[in-house]
Amino acid sequence: MSQSFDLVVIGGGPGGYEAAIRAAQLGMKVACIEKRIHKGKPALGGTCLNVGCIPSKALLDSTHKYHDAAHEYAVHGIKIDGISFDVKTMQARKDTVVGNLTGGIAQLFKGNGVTWLQGTGKLLAGRQVEFTPFEGAVEVIDAKNVILATGSVPVNIPVAALVDDVIVDSTGALEFQDVPKKLGVIGAGVIGLELGSVWNRLGSQVVVLEAVDAFLPACDKAVAKEAQKVLGKQGLDIRLGARVTGATVKGKAVTVKYTDKDGDHEELFDRLIVAVGRRPYTEGLLAADCGITLDERRFVHVDGQCRTSVPGVYAIGDLVRGPMLAHKAMEEGMMVAEIMNGHHAQVNYDTIIGVIYTHPEIAWVGKTEDQAKSEGIEVKTGQFAFAVNGRALAANDSAGFVKFVADAKTDRLLGMHIIGPGAGDMVHQGMISLEFGASVEDLQLMTFAHPTLSEVVHEAALSVDGRAIHAVQRKRK
Ligand code: FAD
Ligand code: NAD
């Protein structure tokens, strides 16, 4: 007899595993089908835990510590002679962190009674799911509800097809066992900047080739400008308006051809990372008669609460519209689990945080100044630099600023944009403020502990009305 479940989740990434656990907490009989084999073993956790958020942050943290020890400690009076690093140890530590976390999800599944079906899932008509295990016979499972959570994969471009460990995507770039002397990166997006930073800190000469003329066009302009300056100073050679036309591998080197406003160029690199975006992954997922519709960009089409065109079938995470972020996938998973149990739930897509984990970090929530203006809102802004913050100076880590965007008529906060130390954590203050519909005055009237980096948040709010204390303000009120 075929197995049956209240819920079958296809894909065990952050979207899928959180949905599975929440649904099990709510009393459903849940299975999660996951086909990933990572380093020879079946693994839960999806892109994020295995080849995304976590391994990239492990390498970012290790290389940041090395960079600080090598270049920043001396100013604190700490001298380290003969400092060196070992890439293999860094990589092994990263693998341990990943293994611990993915193993932790397996334990959470066990503890919550979620059945992990190891293999491939395919949605059939009538809410049935075909399960092809790694070993054994194919079976058809009956599901009262299905969540499609198969995520995304890197976009490949024909002008720079992947070649062994020389032309790689983000997954390959997390596995380098030595430091490339000269590293090319195609794409100055989130992955290009994070992984470019990792290898730059260890001594690679990093050249980032970006097709578009603008740097980080989704960020607030002031932040993007500062980021370009700071990252450039660190040694990232970011070339905008550079369109790659070819890449040829010879031995262990790659010649990259690209065109920009000055004409055609050719440059030799030891390795090349292709980081030009990701696409939704639906290969083998949908039977021809399953009834699911895709949108024009091949994302699974869903409504505002992740319902697909088939009743009882939902889709979440990177597979559907919206930013390709782990926390967005997780919240959608939780929302769907609640909805299928008759609860009210929603994701506030207006307060999804973006973070780029360079140093300094870049983080934002809500509208940029330009976005608000283009929506016809009369805007007021305030900005305050870490350079005059006591705690940032004490730490010798004072690049960047906090910027607020607010409605000039109502005082309501519309957006928070940060480049600076701890930006990825600090931005949550903006997210909570937006969720509660805070005004700038609300933030102005709150007491922030001294000395903390968060005082820059307070001063940025004060500066919206020309009231910041630790800077001479041009506009006064
Ligand atoms: P995924 O995590 O992609 O999981 C989908 C899973 O489904 C995969 O494990 C896949 O094997 C499985 N699957 C696919 N098809 C089938 C099938 N037919 N049957 C069974 N299983 C199937 N986001 C952040 O928010 N913060 C970060 O710092 C961050 N860093 C990143 C760094 C890198 C290098 C990359 C590549 C991505 C990063 N992301 C980050 C993005 C983040 O990883 C994704 O947004 C997130 O993983 C999406 O979650 P998901 O559950 O939708 O899909
Ligand atoms: P991205 O969309 O952030 O950046 C891709 C960049 O490549 C863009 O700037 C684009 O203009 C450029 N590009 C595209 N085609 C090009 C070409 N032919 N030549 C040169 N440049 C080209 O994509 P990504 O960096 O690959 O990341 C993929 C996804 O993963 C993102 O959506 C992101 O949300 C997610 N991610 C998030 C984090 C994080 O939250 N910190 C980290 C890594 C990845």
Exercise for the section: Output yes when a side-chain donor or acceptor of His428 lies under 3.5 Å from a complementary backbone atom of Asp425, and no otherwise. Expected result: yes
Exercise for the section: Could you tell me whether the side chain of Ile105 reaches within less than 4.5 Å of the side chain of Tyr17, counting heavy atoms only? Expected result: yes
Handout entry: Any side-chain heavy-atom pair of Val347 and Ile352 under 4.5 Å
Key = yes
Practice task
For His417 and Lys367, indicate whether the former's side chain and the latter's backbone hold a donor-acceptor pair under 3.5 Å.
Solution key: yes
Handout entry: Check: Gln444 main-chain N/O paired with His458 side-chain donor or acceptor under 3.5 Å
Key = yes
Exercise for the section: Verify the neighbour count for atom CD of Glu435: are there more than 12 heavy atoms of other residues, nucleotides or ligands below 6.0 Å? Expected result: yes
Exercise for the section: To the nearest 0.5 angstrom, please state how far the CD1 atom of Ile356 sits from the CG atom of Leu60. Expected result: 11.5 Å
Exercise for the section: For the pair Arg239 and Asp260, find out whether any cationic side-chain nitrogen is under 4.0 Å from an anionic carboxylate oxygen. Expected result: no
Practice task
Give a yes or no on this: more than 12 heavy atoms of other residues, nucleotides or ligands lie within 6.0 Å of atom CZ of Arg321.
Solution key: yes
Handout entry: Exam field: side chain Ser398 to backbone Ala392, donor-acceptor pair closer than 3.5 Å
Key = no
Handout entry: Donor-acceptor contact present, side-chain Glu375 to main-chain Ile377, <3.5 Å
Key = no
Problem - Phe386 and Leu453, any side-chain heavy atoms less than 4.5 Å apart - result: yes
Problem - Heavy-atom pair of closest approach, residues Ser204 and Leu183 - result: OG-CB, 4.1 Å
Fill in the blank from the handout: The side chain to side chain donor-acceptor pair (under 3.5 Å) partner of Ser62 among Lys57, Arg201, Arg93 is Arg93
Exercise for the section: Please answer whether the main-chain N or O of Val166 pairs with a side-chain N or O of Asp164 as donor and acceptor at a distance below 3.5 Å. Expected result: no
Completion exercise
Looking only at heavy atoms, the pair that brings Val355 and Gly424 closest together is CG1-CA, 3.8 Å
Handout entry: Aromatic plane relationship, His71 with Tyr66 - under 30° parallel, 30 to 60° tilted, over 60° perpendicular
Key = perpendicular
Problem - Nearest heavy-atom neighbours spanning Gln383 and Ala222 - result: OE1-CB, 4.1 Å
Problem - Side-chain (Glu459) to main-chain (His470) donor-acceptor, under 3.5 angstrom - result: yes
Fill in the blank from the handout: Shortest non-hydrogen pair, Ser454 vs Gln429, comes out as OG-NE2, 2.7 Å
Handout entry: Side-chain heavy atoms of Asp264 within contact of Lys257, under 4.5 Å
Key = no
Completion exercise
The side-chain contact (heavy atoms from CB on, under 4.5 Å) partner of Phe269 among Val185, Val254, Ile167 is Val254
Exercise for the section: Look up atom NZ in Lys373 and atom CD in Glu378, then write down how far apart they are to the nearest 0.5 Å. Expected result: 10.5 Å
Problem - Derivation of the side chain to side chain contact (heavy atoms under 4.5 Å, CB included) call for Asp220 and Trp364 - result: CA-CA 8 Å; Asp220 191 89; Trp364 65 94; over 6 Å; no
Practice task
Identify the heavy atoms of Pro360 and Gln234 that sit nearest to each other, and give their distance.
Solution key: CD-NE2, 3.9 Å
Handout entry: Donor-acceptor contact present, side-chain Asn389 to main-chain Thr452, <3.5 Å
Key = yes
Problem - Note, His38 side chain near Thr102 side chain (heavy atom, < 4.5 Å) - result: no
Problem - Any donor-acceptor N or O pair under 3.5 Å, side chains Gln91, Lys94 - result: yes
Practice task
For the pair Glu441 and Arg467, find out whether any cationic side-chain nitrogen is under 4.0 Å from an anionic carboxylate oxygen.
Solution key: no
Problem - Between Ser439 and Asp442, a side-chain donor and acceptor under 3.5 Å - result: yes
Exercise for the section: Would you indicate whether the side-chain heavy atoms of Asp318 and Thr47 approach each other to under 4.5 Å? Expected result: no
Problem - More than 12 heavy atoms from other groups under 6.0 Å of NZ on Lys182 - result: yes
Problem - Nearest-0.5 Å distance that lies between atom CG in Leu195 and atom CG in Leu59 - result: 8.0 Å
Practice task
Begin from the C-alpha positions of Phe109 and Ile21 and carry the test side chain to side chain contact (heavy atoms under 4.5 Å, CB included) through to its verdict.
Solution key: CA-CA 7 Å; Phe109 270 16; Ile21 290 172; 3.9 Å; yes
Problem - Distance, nearest 0.5 Å, that separates OH of Tyr357 from OG of Ser197 - result: 14.0 Å
Practice task
Would you check if the side chain of Gln346 reaches a backbone N or O of Met335 as a donor-acceptor pair within less than 3.5 Å?
Solution key: no
Practice task
Please check if any side-chain donor atom of His359 sits under 3.5 Å from a side-chain acceptor atom of Asp397, or the reverse.
Solution key: yes
Problem - Pairs touching residues 187-221 that satisfy ring-ring contact (aromatic ring centres under 6.0 Å, His included), sequence neighbours left out - result: Phe176-Trp199
Exercise for the section: Find out whether Ile418 and Val223 are in side-chain contact, i.e. whether some heavy atom of one side chain is under 4.5 Å from a heavy atom of the other. Expected result: no
Exercise for the section: State whether Asp169 and Arg278 are salt-bridged, where the test is any N-O pair (Lys NZ or Arg NE/NH1/NH2 against Asp/Glu carboxylate O) under 4.0 Å. Expected result: no
Handout entry: Main-chain N/O of Glu175 paired with Gln177 side-chain donor or acceptor, under 3.5 Å
Key = yes
Exercise for the section: May I ask you to check whether Glu331 and Tyr349 show a side-chain donor-acceptor distance below 3.5 Å? Expected result: no
Problem - From Leu325 atom CG to Glu332 atom CD, the distance as rounded to the nearest 0.5 Å - result: 10.5 Å
Exercise for the section: Please determine if Lys252 and Asp165 form a salt bridge, counting it only when a charged side-chain N lies under 4.0 Å from a carboxylate O. Expected result: yes
Handout entry: Interatomic spacing from CD in Glu226 to NZ in Lys403 - rounded to 0.5 Å
Key = 12.0 Å
Practice task
Taking atom NZ of Lys39 as the centre, report whether more than 12 heavy atoms of other residues, nucleotides or ligands fall under 6.0 Å from it.
Solution key: yes
Handout entry: Heavy-atom side-chain proximity of Gln371 to Val405 below 4.5 angstrom
Key = no
